[in-house]
Amino acid sequence: MVLDVVAGVLLVLGAFLCLVAGIGLVRLPDVYARMHAATKPATLGLLLIALAGMLQVDDPADITELMLVVAVQFLTAPTGAHMVGRAAYRAGDLLGHETVCDELAGVTDVSAAE
Amino acid sequence: MIVAVVAAMALLSAGALLCVVRLVIGPSLADRIVATDLLLVFLACGVGVYTVSTGRGIYLELMVVVGVLGFLGTVMVARFIERRGA
């Protein structure tokens, strides 16, 4: 009974964090900020939903599999976001108007367009 | 419990819709691959909510496969952008 309530709260909280990621994806100004919005809250949301699943499943093997899901997500989400950001910068993707500091300007041979 | 499951599914659906919006309007290819990756995370979250609602982990393999596929797609498109530029 208590476990049900805890699992429900974790479920709604995780889904809300995923929604925050979606809102950030639509509202933020450039691809680098969107990348951060897409990875961080969504990863935490997936962790919370997986925790709720661990509280509810019967088979211990399912708990192991949920831990595998979380491990894969925590390893791959930053790596993929980093690769996309690097590729976008080298391809000359625009920085947002509110960017105050571009530390890669002049360091790499291809700097982003104005 | 059923209230939490329905609320979580509604929140996930709204987020997935926002992902589709970014997928359609996203100016560059990098925007679109970020949106696709997030859409696959939403799919994995939906499978997780289903698992919680039934208590049986018959679709958990789908979560693992979707996570790995999202990463592979992101890496492939990132390499493609770096080679070709766009």
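Because the structure is a prediction, the values reported are computed rather than measured. Labels below follow one simple rule: chain letters A, B, ... track the order of the sequence lines, proteins then strands, and each chain is numbered from 1.
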- Per-residue contact mode, B:I33 against chain A (heavy atom under 4.5 angstrom): side chain
- Where on B:V3 is there a heavy atom nearer than 4.5 Å to chain A: the side chain, the backbone, both, or neither? neither
- Message: Please give me the minimum heavy-atom distance between B:L38 and A:A42, naming the atom from each residue.
- Response: CD1-CB, 3.4 Å
- Message: Would you compute the distance between atom CG of B:L69 and atom OG1 of A:T76 and round it to the nearest 0.5 angstrom?
- Response: 11.0 Å
- Heavy atoms from other residues, nucleotides or ligands near OH of B:Y59 exceed 12 (cutoff 6.0 Å): no
- Are A:V31 and B:V20 connected, step by step, through hydrophobic side chains (Ile, Leu, Val, Met, Phe, Trp, Tyr) whose heavy atoms are closer than 4.5 Å? no
- When the 4.5 angstrom heavy-atom criterion is applied to A:D59 and chain B, the contacting part is neither
- Honestly curious: do A:L11 and A:L51 fall in one hydrophobic cluster under the side-chain, below-4.5 Å linking rule? no
- What is the minimum heavy-atom distance between B:R22 and A:V26, and which atoms define it? NH2-O, 2.8 Å
- Testing B:L17, B:L11, B:L12 for side-chain contact (heavy atoms from CB on, under 4.5 Å) with A:L19, which one passes? B:L11
- Just give me the residue among A:G14, A:A37, A:A15, A:G53 that pairs up with chain B most often, heavy atom to heavy atom, under 4.5 Å. A:A15
- Given a strict heavy-atom distance threshold of 4.5 Å, which part of B:M1 is in contact with chain A: side chain, backbone, both, or neither? side chain
- Note on the structure: Turns out that what part of B:A44 lies under 4.5 Å from chain A's heavy atoms comes down to both
- Item | A:L28 portion near chain B, given a 4.5 angstrom heavy-atom threshold | backbone
- Query: Checking A:L46 against chain B: side chain, backbone, both or neither under 4.5 Å from a heavy atom?
  - Reply: both
- Check each atom of A:A38 against the heavy atoms of chain B and say whether the ones under 4.5 Å are side chain, backbone, both or neither. both
- Task: Consider only side-chain heavy atoms of I, L, V, M, F, W and Y, link residues closer than 4.5 Å, and tell whether A:V70 and B:Y50 are in one cluster.
- Result: yes
- Message: Measuring from atom CG of A:D30 to atom CG of B:D31, what distance do you get when rounded to the nearest 0.5 angstrom?
- Response: 8.5 Å
- Query: Does the side chain of B:L18 come within less than 4.5 Å of A:L25's, by heavy atoms?
  - Reply: no
- Is A:F74 linked to B:L60 within one hydrophobic cluster, defined over Ile, Leu, Val, Met, Phe, Trp and Tyr using a side-chain heavy-atom separation of less than 4.5 Å? yes
- Top contributor to chain B interface from A:G45, A:A77, A:C18 [non-hydrogen pairs under 4.5 Å]: A:C18
- Answer key: most heavy-atom pairs under 4.5 Å with chain A among B:V77, B:V49, B:V68, B:V21 is B:V49
- Closest approach of B:V52 and A:A52, non-hydrogen atoms and distance? CG2-C, 3.7 Å
- Message: Could you see if B:V64 belongs to whatever hydrophobic cluster contains B:V75? Use Ile, Leu, Val, Met, Phe, Trp, Tyr and a side-chain cutoff under 4.5 Å.
- Response: no
- Message: Evaluate B:M63 against A:V72 for side chain to side chain contact (heavy atoms under 4.5 Å, CB included), listing each step before the verdict.
- Response: CA-CA 10 Å; B:M63 271 178 104; A:V72 164; over 6 Å; no
- Best-contacting candidate, B:C45, B:C19, B:G15, against chain A by heavy atom pairs under 4.5 angstrom: B:C45
- Item | Shortest non-hydrogen separation from A:V12 to B:A7 and the atoms involved | CG2-CB, 4.3 Å
- Item | Validation row: A:M83, B:T74 side chains within 4.5 angstrom (heavy atoms) | no
- Note on the structure: Here the gap from A:R90 atom CZ to B:R83 atom CZ, rounded to the nearest 0.5 Å, amounts to 13.5 Å
